[in-house]
Amino acid sequence: MAESVELPHRLAILPFRNKVLLPGAIIRIRCTSPSSVKLVEQELWQREEKGLIGILPVRDATETTSVGPTLSPGVGTDSGEGSSKIHLGTSDSHKFDGKNQQEFIHWHTRGVAARALHLSRGVEKPSGRVTYMVVLEGLCRFSVQELSTRGTYYTARIAPADMTKAEMEQVEHDPDFIVLSRQFKATAMELISLLEQKQKTGARTKVLLETVPVHKLADIFVASFEISFEEQLSMLDSVDVKVRISKATELVDRHLQSIRVAEKITQKVEGQLSKTQKEFFLRQQYVKLRQSPSVSLIESSTVVRVSFNGCGILPIYSYLNGIFHAYSLTSIFQMRAIKEELGDNDDDEDDVTALERKMESAGMPPDIWKHAQRELRRLKKMQPQQPGYSSSRVYLELLADLPWQKASEELELDLRAARDRLDSDHYGLVKVKQRIIEYLAVRKLKPEARGPVLCFVGPPGVGKTSLASSIAAALGRKFIRISLGGVKDEADIRGHRRTYIGSMPGRLIDGLKVRVAICNPVMLLDEIDKTGSDVRGDPASALLEVLDPEQNKTFNDHYLNVPFDLSKVVFVATANRVQPIPPALLDRMEVIELPGYTPEEKLRIAMRHLIPRVLDQHGLNAEYLQIPEAMVKLVIQRYTREAGVRNLERNLASLARAAAVRVAEQEHSLPLTKDVHHIGSPLLESRLADGGEVEMEVIPMGVSNHEISSAFRVTSPFVVDEATLEKVLGPPRYDDKETAERVSTPGVSVGLVWTAFGGEVQFVEATAMVGKGDLHLTGQLGDVIKESAQIALTWVRSRAAELKLTSTEGMNLLEGRDVHIHFPAGAVPKDGPSAGVTLVTSLVSLFSQRKVRADTAMTGEMTLRGLVLPVGGIKDKVLAAHRYGIKRVILPERNLKDLVEVPSAVLGNLEVMFLVLYYLLSGWKTCWNTLLKGVALGDSTQSYDMTLTGITLSDFWWGSTCVHLPT
């Protein structure tokens, strides 16, 4: 124990970085740096028991917080006993050479004198460096008056900082000191008692508490705590014993509270563990009793009678398989006692029993019910903590929730009401709606009939999904949409096997369970052409079983692992293209094509459906926004070129947002109802703000007539005009001059192509340059279209003299020059054979240096003999030509039959011409009414022969400035 010691006037200083040694505390240090080794060797090792050193805390210069005064030494050297003096400061820094590195530190002004209780010397190998292990005991505080260097270490002139004996005797009679001492001892005794229970070492500490003065106990107790460096410095600077005891009491109490909190947490954790272990043991016993033969037989038999025989044994008689059995009820009572101990002895049924009752009411088929019972018995034998318990329970809940027999009651089909519903929801699409009515008529006559799976194919925005929703509404069934776009995993259709972690049923079973909960909804398989395949399987192959009426009544989901009847589900599919759908899957569906809308149809759709819906979505009505038909036509012509109406709806929504901003920014007279309007003025608002009751407003003489009229003004509706279109939607994106501008030079022709988004106009550009007769093709082209370009060039070269492209027979058309053919929009992939006619026209125009008519577009596949073969997508291509303002269309003659599907309003504005061979044309202009009347074969053939005149191209085609096609 530290006792009073007489301090010398100068002490060697050992710096403690970010650490404080308090009086009475004992610490062990290892000295390895040259300066500390030199200090220990000269001040402690050589002087043995008489050696004293000073421990002075130092702080890194990066520490910004300062507790108490600090020293700022200057750098000096000294030889022998002489020293360089270092003066006191408050915030300056010093360069301290500890490990041959320049570091900035702050010296504290107070330290503790220490003596060595144990000292040992060692030598590190192989370096031979000398080190010291020192056990130091703090003795008393001192204040640094002057700091200097002696060789490699520091010395300081010091003065004692602790109270003298006379001062302590005077303080001990102070009432405040007595109260603080009692409070400290009480808190310390409570801490010692708590530690004695945990560590069994409190006896020695109690003796220490009774024999050591309180002001020294404060330092001893605080030194044993893990506190911050700032708190350690604060305790070191507490020279006043009352302040020191007060701080020590606070720190002891805080340490006591932290021990109590940690003990509570430990007790809680231990209690929870023991409770869990006990519960686990009881549940194990419960399972063993439940699996005992007597309990199993009792549960599976019919209880006949329970009797008391007066001997304390309660036999139970049961009837099983024609035999009476008698068993003891001991196991039953033990199970009941275990349930009471676990807290499961409720009057209500437990979860497993409730699940069992739910499964009984699910209406499963007999074979599936047997399978479910086996799974349920397995679940009852498992512990909730077992890994497979949760997955088994989820599986049984799926079996219980599936709509095995639950179906929505169908309304009696009213075909007239269904037709009216389709007409009100969709404009045009006459053929499509007629096919839907036929489908509904068959189901009305024979509800159990297995009708075909309808597949609506068409570009985006033409109403495929809404048609499926209308079918569900007409049948009175729930509607569910399953998106297949981007699905590449077969498990999305069939589900995962239960052996996998995180397994789940497929989208079909999950949708029936969660979203509709009936077995006969209308299910839309959206974007069926967007499925892919990889190492995880082919979803399209999995759909074969789903869409086959002979197989889907026993659809087997991998997760469900029992057959489920999908034959009552009405499947409808949608796709943008037919080509990506596998042939086997396409064979199970009836494809109904939805072509793009004509401008007239778009106008009617916008006025009937889009504008009311847009106004409702933006909180507007006709009193705020009016869009005339003429403006809608301009939007269709100048801002949209699409098969559907989605971009049209987006542009209308932009106009609605502009009107919403105008309405929201208005400050006066927004119409509240049809007849009542809000009246606002500064006078009325100020009167209401004062809280007074306003029955009548008297208008003073100073109010002008303009203010009165503005207060009663009614807002006029926002009428869209052409200037508003350009302001909101920007400058027009399309115009009728585009085609004329692009074909203004020879070598450019206009073709018609089909895409997943409908028909489009495709320009073909050809140019010649000096070269070796090579053909260059650009525009991200596929192999088929490259071959078509080669065929077109070969055909033109073989008939160069006939087409008057060369002056003499046998002359090489490509002698000394190359040909480059480009398809614009190079970022868009292009392929297909239908550009053959367009390529030939472009090449002939190039070599003859005559321009093609800007109002003419064409399509058709070319052969080497010049035969024009039919192509697909005729309706979409003709509609695209109409959208682009094309007046004349050239088609293969064998595509004449496809014009039946083109609206008569479109054909009335077009001149359609047909090609058998490239140099034979047949004119066909506005004979749609005759075609609709069904002309006899002979008459149509005669009319056809009259139009096929066999005129060659050299006779009529190229005039002086442009291509001229006969009418």
Can you confirm whether [X] is buried at [atom1], in the sense that more than 12 heavy atoms of other residues, nucleotides or ligands lie under 6.0 Å from that atom?
X	atom1	value
D783	CG	no
I501	CD1	no
Y389	OH	yes

Test item: [X] and [Y] side chains (from C-beta on) under 4.5 Å apart, heavy atoms:
X	Y	value
M382	S392	yes
F555	I509	yes
I581	M589	yes
R377	Q373	yes
V572	V453	no
I493	R507	no
P521	V569	yes
L512	M523	yes

Heavy atoms only: give me the nearest [X]-[Y] pair and the separation to one decimal.
X	Y	value
I368	M364	CG2-SD, 4.1 Å
E490	P539	N-CG, 4.2 Å
Y427	H609	N-NE2, 4.4 Å
F479	A472	CB-CB, 3.8 Å
K602	L648	O-CD2, 4.0 Å
G363	Q405	O-CG, 3.2 Å

If I take atom [atom1] from residue [X] and atom [atom2] from residue [Y], how far apart are they, to the nearest 0.5 angstrom?
X	Y	atom1	atom2	value
R435	I592	CZ	CD1	5.5 Å
I482	E527	CD1	CD	13.5 Å
D510	I480	CG	CD1	8.0 Å
L445	L440	CG	CG	11.0 Å
L398	R498	CG	CZ	9.5 Å
D587	D548	CG	CG	9.0 Å

Taking only residues two or more places apart in sequence or in another chain, which ones pass side chain to side chain contact (heavy atoms under 4.5 Å, CB included) with D526?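 T465, R481, L524, T574.
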
For Q780, give me all partners under side chain to side chain contact (heavy atoms under 4.5 Å, CB included), at least two apart in sequence or on another chain.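 For Q780 the side chain to side chain contact (heavy atoms under 4.5 Å, CB included) partners, ignoring immediate neighbours, are P829.
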
According to side-chain hydrogen bond (donor to acceptor under 3.5 Å, both in side chains), who are the partners of N520, at least two apart in sequence or on a separate chain?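 side-chain hydrogen bond (donor to acceptor under 3.5 Å, both in side chains) list for N520, sorted by chain: S408.
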
Is [X] reaching over with its side chain to a backbone N or O of [Y], donor-acceptor style, under 3.5 angstrom?
X	Y	value
D876	G759	no
K406	A362	no
K513	L399	no
R588	A584	yes
D529	N576	yes

[Y]/[X] salt bridge by N-O under 4.0 Å criterion:
X	Y	value
E649	R646	no
K875	E593	no
D414	K444	no
E397	R393	yes

Would L475 and R443 count as a side chain to side chain contact (heavy atoms under 4.5 Å, CB included) here? Give the steps. CA-CA 9 Å; L475 292 173; R443 295 198 65 89; 4.3 Å; yes

Within 45° cone and under 6.0 Å: R497 NZ/CZ vs Y559 ring: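 So R497 doesn't make the cation-pi contact.
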
Working note: R421 + D425, criterion salt bridge (Lys or Arg N to Asp or Glu O under 4.0 Å); need CA distance, chi angles, decisive distance, verdict. CA-CA 6 Å; R421 175 66 182 268; D425 291 346; 2.7 Å; yes

Checking side chain to side chain contact (heavy atoms under 4.5 Å, CB included) for the pair R419/K433: CA distance, chi angles, key distance, verdict? CA-CA 8 Å; R419 190 187 301 273; K433 290 189 287 188; over 6 Å; no

Apply side chain to side chain contact (heavy atoms under 4.5 Å, CB included) to V432 and Q434, showing your working. CA-CA 5 Å; V432 177; Q434 180 60 32; over 6 Å; no

Applying salt bridge (Lys or Arg N to Asp or Glu O under 4.0 Å), run through R494 and D557 and close with a yes or a no. CA-CA 5 Å; R494 291 188 179 274; D557 185 275; over 6 Å; no

